[in-house]
**Q** 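Let me give you the structure first, and then I'll get to my questions.
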Amino acid sequence: GFSLDSSVLHMTHGGCRVNMIDTPGRGDFLGKAIAALPAVETMILMLDPSVGIDPVARRVMKVAAERNLPRAIVINKIDAGGNLDEFLAHLQETFGSVCRPINLPADGGKAVVRCFKSSDGESDLGSVSDYHTGLVDQVVEVDEGLMEQYLEQGEVEPEKLEASFKRAMREGHLVPVMFTSAREGTGVEELMDQIVELFP
């Protein structure tokens, strides 16, 4: 089925209370999704790779950007097969290179690996190090001091990057992309950790 109306829910995670508004995703109810935007601090768009990037997704992202609302994207159903590498590339073509993964699918969609605070390992999309570098490059661009340190030393401590990560989101310079399988629970814990730790 699908939602007909917006629903308010909340939870506590990592000692932080998180309030959410779940809105309908069908085009018939687009107005209800847009009407919820003034009530949120960050808009998270959930996408199904088998459906692709439909007009509703494009419209909601456009309206959120026009309102200077921090945005993030969750790619769900990573265990269902499909070419996630191609889908991510299409996402970046559609919404810009500001869309950067902060975790990656691994083990055939049965797990996720983080790539913001770690550069080790492999994922279903390739080397974690490559995605880590692209993400850090994007984040340090909003802070001249961090940019200078990064250029001189080749790395910045993750703790120093968090404030710039939030600033980059607020300025529309970064749209974090996360991977999950809600049905299997894959990546859900990591998603909540990142919302609490990194989102403005």
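Hydrogens, waters and symmetry mates are skipped; everything else that's a heavy atom, side chains included, is used. Just so you know, these numbers come straight off a predicted model, no measurement behind them. Counting from 1, the numbers follow the sequence of the chain as shown.
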**Q** Measuring from Lys110:NZ to Ile78:CD1, what's the distance to the nearest 0.5 Å?
**A**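 CD1 of Ile78 is found 11.5 Å from NZ of Lys110.
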
**Q** If every non-hydrogen atom of Val196 is compared with every non-hydrogen atom of Cys16, which pair is closest and at what distance?
**A**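 Val196 and Cys16 have their closest heavy atoms at CG1-CB, 3.8 Å.
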
**Q** Just by distance, with hydrogens left out, do Gln149 and Glu157 show a side-chain donor and acceptor under 3.5 Å apart?
**A**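 Yes, because at least one side-chain N or O of Gln149 sits under 3.5 Å from a partner of the opposite role on Glu157.
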
**Q** How far does CD of Glu189 sit from CD of Gln194, to the nearest 0.5 angstrom?
**A**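 Answer rounded to 0.5 Å: 10.5 Å.
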
**Q** Taking the side chain as C-beta and beyond, is there a heavy-atom pair between Leu47 and Phe87 under 4.5 Å?
**A**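 Touching, per the 4.5 Å side-chain cut-off.
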
**Q** Would you mind reporting whether Leu69 and Thr42 have side-chain heavy atoms less than 4.5 Å apart?
**A**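 No; the side chains remain at least 4.5 Å from each other.
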
**Q** Only counting residues at least two apart or in another chain, list the ones meeting side chain to side chain contact (heavy atoms under 4.5 Å, CB included) with Ser118.
**A**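 If we apply the side chain to side chain contact (heavy atoms under 4.5 Å, CB included) test to Ser118, skipping adjacent residues, the hits are Asp120.
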
**Q** Which heavy-atom pair separates Ala106 from Val113 by the least distance, and what is that distance?
**A**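 Looking at all heavy atoms of both residues, the shortest contact is CB-CG1, 4.1 Å.
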
**Q** Of all residues at least two apart in sequence or in a different chain, which pass the side chain to side chain contact (heavy atoms under 4.5 Å, CB included) check with Met192?
**A**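 So Met192 forms a side chain to side chain contact (heavy atoms under 4.5 Å, CB included) with Met11, His13, Val18, Met20, Ile195.
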
**Q** Between Glu148 and Glu152, is any pair of side-chain heavy atoms under 4.5 Å apart?
**A**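 In short, these two side chains touch, coming nearer than 4.5 Å.
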
**Q** How close do Thr23 and Ala36 get, counting heavy atoms only, and between which atoms?
**A**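 Taking Thr23 first and Ala36 second, the nearest heavy atoms are CG2-CB, 3.7 Å.
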
**Q** Is there a donor-acceptor pair closer than 3.5 Å between any side-chain N or O of Asp143 and the backbone N or O of Leu146?
**A**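 The answer is yes, because a donor-acceptor pair under 3.5 Å joins these two groups.
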
**Q** Just verifying a value: how many Å separate Ser123 OG and Asp130 CG, rounded to the nearest 0.5 Å?
**A**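 If I round to the nearest 0.5 Å, the distance is 9.0 Å.
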
**Q** Is the side chain of Gln138 donor-acceptor paired with the backbone N or O of His173 at a distance under 3.5 Å, no angle test?
**A**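 Checked: pair present.
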
**Q** Any side-chain heavy-atom pair from Leu9 and Asn19 closer than 4.5 angstrom?
**A**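 Heavy-atom side-chain distance check fails, nothing below 4.5 Å.
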
**Q** Using every non-hydrogen atom in the two residues, find where Leu198 and Glu162 come nearest and quote the distance to one decimal.
**A**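 It is CD2-CG, 3.9 Å.
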
**Q** Between Asp79 and Gly109, is there a donor-acceptor pair closer than 3.5 Å when you use the side chain of the first and the backbone of the second?
**A**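 Looks like no, no N/O pair under 3.5 Å.
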
**Q** Are any non-hydrogen side-chain atoms of Leu91 and Ile73 less than 4.5 angstrom apart?
**A**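 In short, these two side chains touch, coming nearer than 4.5 Å.
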
**Q** Between Glu197 and Lys117, is there a side-chain N and carboxylate O pair less than 4.0 Å apart?
**A**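 A salt bridge links Glu197 with Lys117.
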
**Q** Take Leu45 and Val74 through the test side chain to side chain contact (heavy atoms under 4.5 Å, CB included) and record every step on the way to the result.
**A** CA-CA 6 Å; Leu45 176 69; Val74 174; over 6 Å; no

**Q** Can you establish whether the number of heavy atoms outside Lys166 located under 6.0 Å from its atom NZ is more than 12?
**A**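 Counting neighbours around NZ of Lys166, more than 12 heavy atoms of other residues, nucleotides or ligands fall under 6.0 Å, so yes.
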
**Q** For atom CD of Glu41, decide whether the heavy atoms of other residues, nucleotides or ligands shown that lie under 6.0 angstrom number more than 12.
**A**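 Atom CD in Glu41 is not crowded, with 12 or fewer foreign heavy atoms closer than 6.0 Å.
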
**Q** Hey, does the side chain of Arg170 reach the backbone of Pro70 with a donor-acceptor pair shorter than 3.5 angstrom?
**A**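 No: the side chain of Arg170 does not pair with the backbone of Pro70.
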
**Q** When you measure from the side chain of Thr12 to the backbone N and O of Gly15, does any donor-acceptor pair fall under 3.5 Å?
**A**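 No.
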
**Q** Which atom pair, heavy atoms only, marks the closest approach of Ile21 to Ala39?
**A**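 Ile21 and Ala39 have their closest heavy atoms at CD1-CB, 3.8 Å.
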
**Q** Check whether any side-chain heavy atom of Val177 lies under 4.5 Å from a side-chain heavy atom of Ile102, and answer yes or no.
**A**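 No; the side chains remain at least 4.5 Å from each other.
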
**Q** Spell out, as yes or no, whether a donor-acceptor pair under 3.5 Å connects the side chain of Asp124 to the backbone of Gly108.
**A**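 A pair under 3.5 Å: yes.
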
**Q** Go through the side-chain N and O atoms of Asp22 and Ser7 and say whether any donor and acceptor fall under 3.5 Å apart.
**A**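 Their side chains do not contain a donor-acceptor pair, so the 3.5 Å distance test is not met.
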
**Q** Using 0.5 Å steps for rounding, measure from the CG atom of Leu84 to the CD1 atom of Ile75.
**A**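 So the gap between those two atoms works out to 7.0 Å.
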
**Q** Can you confirm whether more than 12 heavy atoms, excluding those of Gln153, are under 6.0 Å from its CD atom?
**A**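 Yes.
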
**Q** Hey, is the main chain of Cys99 close enough, under 3.5 Å, to the side chain of Gln92 for a donor-acceptor pair?
**A**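 Answer holds: yes.
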
**Q** Would Arg71 and Met169 satisfy side chain to side chain contact (heavy atoms under 4.5 Å, CB included), going step by step from the backbone distance to the final call?
**A** CA-CA 7 Å; Arg71 296 162 292 151; Met169 282 190 70; over 6 Å; no

**Q** So Leu88 and Tyr131, side chain to side chain contact (heavy atoms under 4.5 Å, CB included) or not? Walk me through it.
**A** CA-CA 12 Å; Leu88 177 60; Tyr131 287 93; 3.9 Å; yes

**Q** Check the pair Phe95 / Ile53 against side chain to side chain contact (heavy atoms under 4.5 Å, CB included), numbers first and verdict last.
**A** CA-CA 10 Å; Phe95 299 124; Ile53 304 170; 3.7 Å; yes

**Q** Which heavy atom of Met178 sits nearest to which heavy atom of Leu191, and what is that distance?
**A**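 Scanning both residues completely, I find the closest heavy atoms to be SD-CD1, 3.3 Å.
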
**Q** Can you name the one residue among Leu161, Val136, Val139 that meets side chain to side chain contact (heavy atoms under 4.5 Å, CB included) with Tyr150?
**A**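 That would be Val136.
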
**Q** Could you tell me whether the side chain of Arg100 reaches within less than 4.5 Å of the side chain of Pro176, counting heavy atoms only?
**A**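 No. Closest side-chain heavy atoms not under 4.5 Å.
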
**Q** Does a salt bridge link Arg114 with Asp193, judged by any charged N lying under 4.0 Å from a carboxylate O?
**A**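 Salt bridge between Arg114 and Asp193, a charged N being under 4.0 Å from a carboxylate O: yes.
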
**Q** Counting C-beta onward and ignoring hydrogens, is there a side-chain heavy-atom pair between Leu125 and Phe179 closer than 4.5 Å?
**A**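 Yes. Closest side-chain heavy atoms under 4.5 Å.
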
